[in-house]
Structures are given as C-alpha cells and as structure tokens.
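Since the structure comes first, as structure tokens, the remarks are kept for the end.
Just so it is clear, the structure is predicted and the values come from calculations on it, not from any experiment.
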Amino acid sequence: MENYNNEKEFIENYDVTKYDRLSMTTDIILVSVSKKEAINYRKTSKKMISILLVKRNDFPFKDKWCLPGGFLNPKNETLEECAKNVLKRESNLSDIYLEQLYTFDDIKRDPRTRVVSTAYVALVDKNKLTHELNESASWFDITEIKEIDNIVNITLDNSNETINFSIQKNVIQKTTDQYSFLVLKNESIAFDHPKVILSGIERIRNKINYTDIVFNMMPKYFTLSELQEVYEAILGEKLLAPAFRRIIANKVEKTDKMLTGKGHRPSVLYKYKEK
C-alpha cells in the first residue's frame with residue numbers, strides 16, 4: 001500500500017490504469033406531434049406522435065436506424081451537456097424540454113466495447129424546427145403500440161419505410177410497477193434502442209396526466225380538440241370530452257383568437273396557462 005503525504009500528491013501519482021475503462025454515451029428520444037391530413041376537408045387532421053431516428057452510415061449496425069446520440073467527452077462535458085450538444089448537432093434545437101430517462105448498461109449492448117448510455121427524453125413542437133434536419137435523420141410516426149400479455153408490438157412509419165419491433169415486459173417490482181425489457185423482434189433498429197423508445201413512451205404516458213409536459217409539444221395557440229387529440233395519441237386511447245376538460249381545466253386559458261378557414265365552424269383558441 002502506497003503512502004501519500006497529502007491529497008495533491010495522491011492525485012498526481014495515483015495509477016488510474018488499475019481500473020477497467022468504459023465509455024459513456026447519451027441517447028435522445030426526441031418526441032413531437034405530427035398530423036395526418038384528413039382526406040375529407042371537413043374532418044380534423046389526425047394527430048400522431050413522432051420520434052426522430054438517424055440512419056447509421058458506419059459499422060456497427062451500418063444502415064440501421066438509431067436514436068440521436070453521442071459519446072461523452074469525459075474532460076469537458078456533463079451528461080446533460082452531452083445530450084444538449086447531441087440535440088443541437090442533430091436537429092439545430094436548443095432550450096427545449098429535456099429529462100433524464102434511464103441508464104442502459106447491458107454488458108453487450110455495444111459490440112465495440114463496454115458502453116453505458118444515459119438516455120434522455122426531449123419534447124418539441126415541430127414548428128420550432130427552422131432548419132433542415134441532417135439528411136440521415138427522419139421523423140417516424142408511431143402508428144401502433146399494442147400490448148397483449150406483457151408483449152408490446154410497436155410500428156413506426158415514415159414516408160418510405162415501416163419498422164416493427166416487439167418487446168417483452170417482465171415485472172421487477174409489482175408495488176412500483178417496474179419492468180425490465182427483453183427485445184423479441186427487431187431487424188431495423190441499432191443497439192438496444194427499442195428498449196429506449198418504449199421506456200420513453202411509457203415515461204411520457206405516465207406523466208401526461210399529472211404534469212404539464214404535453215405543452216412542450218404544442219404550438220402557442222391551439223383548440224381544445226387539437227389538445228385532446230394529442231393526449232389521445234400519447235395515451236393510445238379515446239377520452240370522453242367531459243373527462244378530458246376536467247383534466248386540463250387548470251392548465252389552459254381561453255384567448256380572444258379563433259381558428260377559421262378549416263371547413264367547419266370557427267373554434268376558440270386556447271393557450272397554456274403559465275403557473
């Protein structure tokens with residue numbers, strides 16, 4: 001055992017090579033709202049939840065889709081700073097809602113070396129995207145999330161491609177509703193990112209009724225019908241209008257603006273009620 005006279009001497013002479021090294025990354029599930037245009041102009045466009053994926057141009061998982069992510073610079077970045085830099089690089093976005101989701105540390109999650117990833121959820125209104133995305137990036141609509149007997153089937157679509165994957169949920173702790181995830185089917189998404197996607201979706205679903213996070217995906221002004229459609233798209237279920245109005249009663253305020261020219265009667269516009 002070596003003896004040191006003070007803290008400075010210890011730090012200057014300590015042999016860091018005695019520890020195995022690992023790499024840290026951050027991965028971002030960037031979530032927004034899309035709309036599928038109605039064929040009948042009298043009907044409202046259907047709202048859908050979308051996530052941003054990036055096509056890898058190098059090995060491993062060349063030509064597979066993945067979430068935006070990057071390696072942490074251990075000398076000058078915190079995990080949150082790394083996540084913000086990833087968002088800026090991939091989408092030219094800054095100052096948007098960002099929340100740490102979970103740390104994914106499966107031993108063989110990356111074939112190159114031991115990589116531990118801290119994932120983040122980011123929420124944005126697509127109207128804030130004033131710059132073109134990188135050519136390797138694409139928004140995918142979540143067109144189906146179906147859970148049967150703890151097996152979740154998810155379908156993602158963009159204009160050119162459909163992605164399907166299945167995940168089994170295994171109960172870790174019943175009293176806290178905690179699950180571990182096992183990927184059963186996945187041919188198109190790199191690493192363990194199907195787990196990250198499902199984890200992010202479930203986090204948003206769990207928080208939508210008791211927080212105001214949904215308004216990070218809304219424009220400044222919106223109708224109550226549009227807001228209800230976003231809630232329904234996230235929750236994956238229809239909501240009765242009276243029940244929905246009670247949920248959002250203290251979260252929105254009426255404005256003197258109206259939505260017109262959509263082939264139906266003018267609708268009152270609302271905005272988020274600042275606390």
Check the pair Val183 / Phe181 against side-chain contact (heavy atoms from CB on, under 4.5 Å), numbers first and verdict last. CA-CA 7 Å; Val183 179; Phe181 295 150; over 6 Å; no
Under the salt bridge (Lys or Arg N to Asp or Glu O under 4.0 Å) test, which residues partner Asp192, sequence neighbours left out? Arg109
Under 4.5 Å between any side-chain heavy atoms of Leu235 and Ile208, yes or no? yes
Least distance between heavy atoms, Leu123 atom then Met217 atom: CB-CG, 3.9 Å
Assigning hydrophobic clusters by single linkage (Ile, Leu, Val, Met, Phe, Trp, Tyr; side-chain heavy-atom cutoff under 4.5 Å), is Trp139 placed with Trp65? no
Calculate, to the nearest 0.5 Å, the distance between atoms NZ and OG belonging to Lys64 and Ser188 respectively. 6.0 Å
Would you mind telling me which of Val86, Val196, Val121, Ile51 makes a side chain to side chain contact (heavy atoms under 4.5 Å, CB included) with Ile28? Val86
Report all side-chain donor-acceptor pairs from residues 93-102 shorter than 3.5 Å, counting only partners two or more places apart or in another chain.
unit_1	atom_1	unit_2	atom_2	d
Tyr97	OH	Glu99	OE1	2.2
Glu99	OE1	Lys207	NZ	2.9
Glu99	OE2	Arg203	NH1	2.5
Glu99	OE2	Lys207	NZ	3.4
Gln100	NE2	Tyr120	OH	3.2

Would you check if Lys195 and Asp106 make a side-chain contact, meaning some heavy-atom pair closer than 4.5 Å? yes
Measure from the side-chain N and O atoms of Arg112 to the backbone N and O of Pro60, and report whether any donor-acceptor pair falls under 3.5 Å. no
Min side-chain heavy-atom separation Ser50-Lys126 under 4.5 Å: yes
Rounded distance [0.5 Å steps], CG in Leu240 versus CZ in Arg246: 8.5 Å
Looking at Asn6, I'd like to know if its CG atom is crowded, meaning that more than 12 non-hydrogen atoms belonging to other residues, nucleotides or ligands lie closer than 6.0 Å. yes
Verify same cluster id: Leu156, Phe61 (apolar side-chain graph, 4.5 Å): no
Assess the residue pair Tyr272 and Met218 against the criterion (side-chain contact (heavy atoms from CB on, under 4.5 Å)); give the C-alpha distance rounded to whole Å, side-chain angles, the decisive distance to 0.1 Å, and a yes or no. CA-CA 9 Å; Tyr272 174 55; Met218 299 299 296; over 6 Å; no
Taking atom types as modelled and ignoring hydrogens, do the side chains of Asn85 and Glu77 form a donor-acceptor contact shorter than 3.5 angstrom? yes
Are the aromatic ring centres of Phe244 and Tyr231 under 6.0 angstrom apart? yes
Is a donor on one side and an acceptor on the other found under 3.5 Å between the side chain of Asp141 and the backbone of Thr143? no
Is it the case that one hydrophobic cluster holds both Leu224 and Tyr221, taking links as side-chain heavy atoms less than 4.5 Å apart, direct or via other members? no
Any side-chain donor-acceptor pair under 3.5 Å between Ser117 and Thr25? yes
Within a 6.0 Å radius of atom CG on Asn57, are there more than 12 heavy atoms belonging to other residues, nucleotides or ligands? no
Quick one, Ile197 and Phe165 - any side-chain contact, counting heavy atoms below 4.5 Å? yes
Test Thr223 against Ser267 for side-chain hydrogen bond (donor to acceptor under 3.5 Å, both in side chains), laying out the working first. CA-CA 7 Å; Thr223 67; Ser267 301; 5.7 Å; no
Looking only at heavy atoms, which two atoms of His193 and Leu67 are closest? And how far apart? ND1-N, 3.0 Å
Is a side-chain N or O of Gln228 found less than 3.5 angstrom from the main chain of Leu239, in a donor-acceptor match? yes
Heavy atoms only: give me the nearest Thr118-Met24 pair and the separation to one decimal. OG1-CE, 3.9 Å
Answer yes or no: is there an ion pair linking Lys47 with Glu229, defined by an N-O contact shorter than 4.0 Å? yes
Donor-acceptor contact below 3.5 Å, side chain Ser32 vs main chain Val124: yes
Leu52 side, atom CG; Ile29 side, atom CD1 - distance, nearest 0.5 Å: 10.5 Å
In the single-linkage hydrophobic clustering (I, L, V, M, F, W, Y; side-chain heavy atoms under 4.5 Å), do Leu53 and Leu30 co-cluster? no
same_hphob_cluster(Leu87, Phe71) at 4.5 Å side-chain heavy-atom cutoff: no
Distance from Asp157 atom CG to Ile163 atom CD1, nearest 0.5 Å? 8.5 Å
Stepwise, does the side-chain contact (heavy atoms from CB on, under 4.5 Å) test hold for Lys62 with Arg56? CA-CA 5 Å; Lys62 189 175 187 296; Arg56 291 183 56 79; 5.8 Å; no
Evaluation steps, side-chain contact (heavy atoms from CB on, under 4.5 Å), between Leu72 and Thr26: CA-CA 7 Å; Leu72 173 78; Thr26 57; 5.7 Å; no
Please confirm whether the backbone N or O of Leu269 pairs with a side-chain atom of Thr255, one donor and one acceptor, at under 3.5 Å? yes
Closest approach of Ile142 to Met48 (non-hydrogen atoms, all atoms of both residues): O-CE, 4.0 Å
Heavy atoms only: give me the nearest Pro219-Asp125 pair and the separation to one decimal. CA-OD2, 3.3 Å
Salt bridge Lys273-Asp212, side-chain N to carboxylate O under 4.0 Å: no
For atom CD1 of Ile172, decide whether the heavy atoms of other residues, nucleotides or ligands shown that lie under 6.0 angstrom number more than 12. yes
Donor-acceptor under 3.5 Å (Arg89 side chain, Gly69 main chain): yes
Hey, are Lys169 and Glu202 close enough for a salt bridge, meaning a charged N less than 4.0 Å from a carboxylate O? yes
For Pro194 and Phe191, the nearest pair of non-hydrogen atoms, with its separation, is CD-O, 4.1 Å
Looking at side-chain heavy atoms only, is the closest gap between Lys146 and Ile151 below 4.5 Å? no
Close side-chain approach of Glu237 and Glu232, heavy atoms under 4.5 Å: no
Supply the atom-to-atom distance Ile145 CD1 to Ile154 CD1, rounded to the nearest 0.5 angstrom. 5.0 Å
Answer yes or no: are there more than 12 heavy-atom neighbours, outside Glu135 itself, under 6.0 Å from its atom CD? no
Could you state the interatomic distance from CD (Glu147) to OG (Ser166), rounded to the nearest 0.5 Å? 11.5 Å
Would you indicate whether the side-chain heavy atoms of Ile167 and Leu182 approach each other to under 4.5 Å? no
Find out whether Pro68 and Asp27 are in side-chain contact, i.e. whether some heavy atom of one side chain is under 4.5 Å from a heavy atom of the other. no
